[in-house]
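Worksheet for the structure shown next.
Here the structure is a predicted model, which is why all the values come from computation and not from measurement.
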Amino acid sequence: MTKTVKIVTFVPESHAEAVRRSLGDVGVGMIGDCTHCSFSVKGIGRFMPTEGTNPYCGEIGKTSEAIEERIEVVCPWEKIKEAVKAVKEAHPYEEVPIDIHPVLSEDDI
């Protein structure tokens, strides 16, 4: 089992700094002696809210677009639950997109 994962989320620009800070504050995004390390790239998220949802933006039944940041951080295996909780607390979306990917080190190859 790998000991490190990469956590990826997509967040509106307005909340990107809060998500990055929240992750760093729980000890995620450590590279060497640096804390709060992350990588971000901007893009456009597309979605259509359906009946019964409470969208952060957009209108129910209409295709919507939002400028979002994809934020990636490395995360020690033992901090995954803390990291997911940190993202959810800082993220405005009703359903928070979170991907967790295993990361191989040089020792694994």
Side-chain angles (χ1 to χ4, degrees):
M1 180 183 323
T2 139
K3 296 178 182 170
T4 303
V5 297
K6 184 168 282 189
I7 302 226
V8 178
T9 190
F10 300 86
V11 62
E13 278 185 304
S14 59
H15 288 74
E17 182 56 32
V19 169
R20 282 191 292 272
R21 171 72 50 198
S22 186
L23 285 164
D25 287 351
V26 297
V28 174
M30 294 276 305
I31 299 177
D33 291 331
C34 295
T35 68
H36 294 77
C37 300
S38 67
F39 177 80
S40 297
V41 64
K42 292 183 185 179
I44 299 172
R46 292 174 182 82
F47 56 96
M48 182 185 299
T50 57
E51 289 295 327
T53 62
N54 183 23
Y56 172 73
C57 61
E59 293 182 44
I60 292 175
K62 294 185 179 181
T63 301
S64 301
E65 293 183 348
I67 297 174
E68 297 177 320
E69 285 193 36
R70 173 188 169 117
I71 299 173
E72 302 181 21
V73 295
V74 292
C75 175
W77 184 263
E78 62 274 7
K79 290 197 174 263
I80 295 171
K81 288 184 180 181
E82 286 179 80
V84 168
K85 182 180 178 190
V87 171
K88 287 182 175 182
E89 288 177 352
H91 204 295
Y93 289 171
E94 183 176 22
E95 293 292 329
V96 178
I98 300 173
D99 300 334
I100 301 170
H101 305 276
V103 175
L104 297 175
S105 72
E106 291 179 48
D107 296 334
D108 296 322
I109 50 177

So does Met48 get a backbone contact from the side chain of Thr50, meaning a donor-acceptor N/O pair under 3.5 Å? no
Side-chain heavy atoms nearer than 4.5 Å, only ILVMFWY residues, links allowed to pass through others: does that put Trp77 and Ile100 together? yes
In the structure I gave you, are the side-chain heavy atoms of His91 and Pro12 within less than 4.5 Å of one another anywhere? yes
Please report the interatomic distance CD(Glu51) to CD1(Ile60), rounded to the nearest 0.5 Å. 5.0 Å
Linked, directly or transitively: Val96 and Val28 (ILVMFWY side chains, under 4.5 Å): yes
Would a single hydrophobic cluster contain both Val19 and Val5, if residues Ile, Leu, Val, Met, Phe, Trp and Tyr are joined by side-chain heavy-atom contacts under 4.5 Å? yes
Could you check if a side-chain atom of Thr53 sits within less than 4.5 angstrom of a side-chain atom of Glu95, using non-hydrogen atoms only? no
How about CD on Glu78, more than 12 heavy atoms from neighbouring residues, nucleotides or ligands closer than 6.0 Å, or not? yes
Counting only heavy atoms not in Ile67, do more than 12 sit closer than 6.0 Å to its CD1 atom? no
Provide the closest heavy-atom pair for Leu23 versus Ala83 in the form atom of the first, atom of the second, distance. CD2-O, 3.6 Å
Between OG of Ser22 and NZ of Lys85, what distance do you get to the nearest 0.5 Å? 10.0 Å
Should the ring pair His15 and Tyr56 be called parallel, tilted or perpendicular, given that the plane angle runs from 0 to 90° and is split at 30 and 60? perpendicular
Examine Met30 and Val73 and state if one hydrophobic cluster contains both, with Ile, Leu, Val, Met, Phe, Trp and Tyr joined whenever side-chain heavy atoms are less than 4.5 Å apart. no
Cys57 side chain reached by Ser64 side chain, heavy atoms, under 4.5 Å: no
Would you confirm whether Thr9, through its side chain, and Pro97, through its main-chain N or O, come within 3.5 Å as a donor-acceptor pair? yes
Of Ile80, Val84, Val103, the residue whose pairing with Cys75 passes side-chain contact (heavy atoms from CB on, under 4.5 Å): Ile80
Going from CZ on Phe10 to CZ on Phe47, what distance comes out if it is rounded to the nearest 0.5 angstrom? 14.0 Å
Side chain to side chain contact (heavy atoms under 4.5 Å, CB included) between Val8 and His101, worked out: CA-CA 8 Å; Val8 178; His101 305 276; 3.8 Å; yes
Please name the pair of heavy atoms, one in Pro76 and one in Gly27, separated by the smallest distance, quoted to 0.1 Å. CD-O, 4.4 Å
Does atom CD of Glu94 have more than 12 heavy-atom neighbours from other groups under 6.0 Å away? yes
Please round to the nearest 0.5 Å and tell me the distance separating atom CD of Glu68 and atom NZ of Lys42. 12.5 Å
Specify the closest pair of heavy atoms between Ala16 and Val11, including all atoms of both residues, with the distance to one decimal. CA-CG1, 3.8 Å
What residues, two or more places apart in sequence or in another chain, satisfy side chain to side chain donor-acceptor pair (under 3.5 Å) together with Ser40? Arg20, Glu69
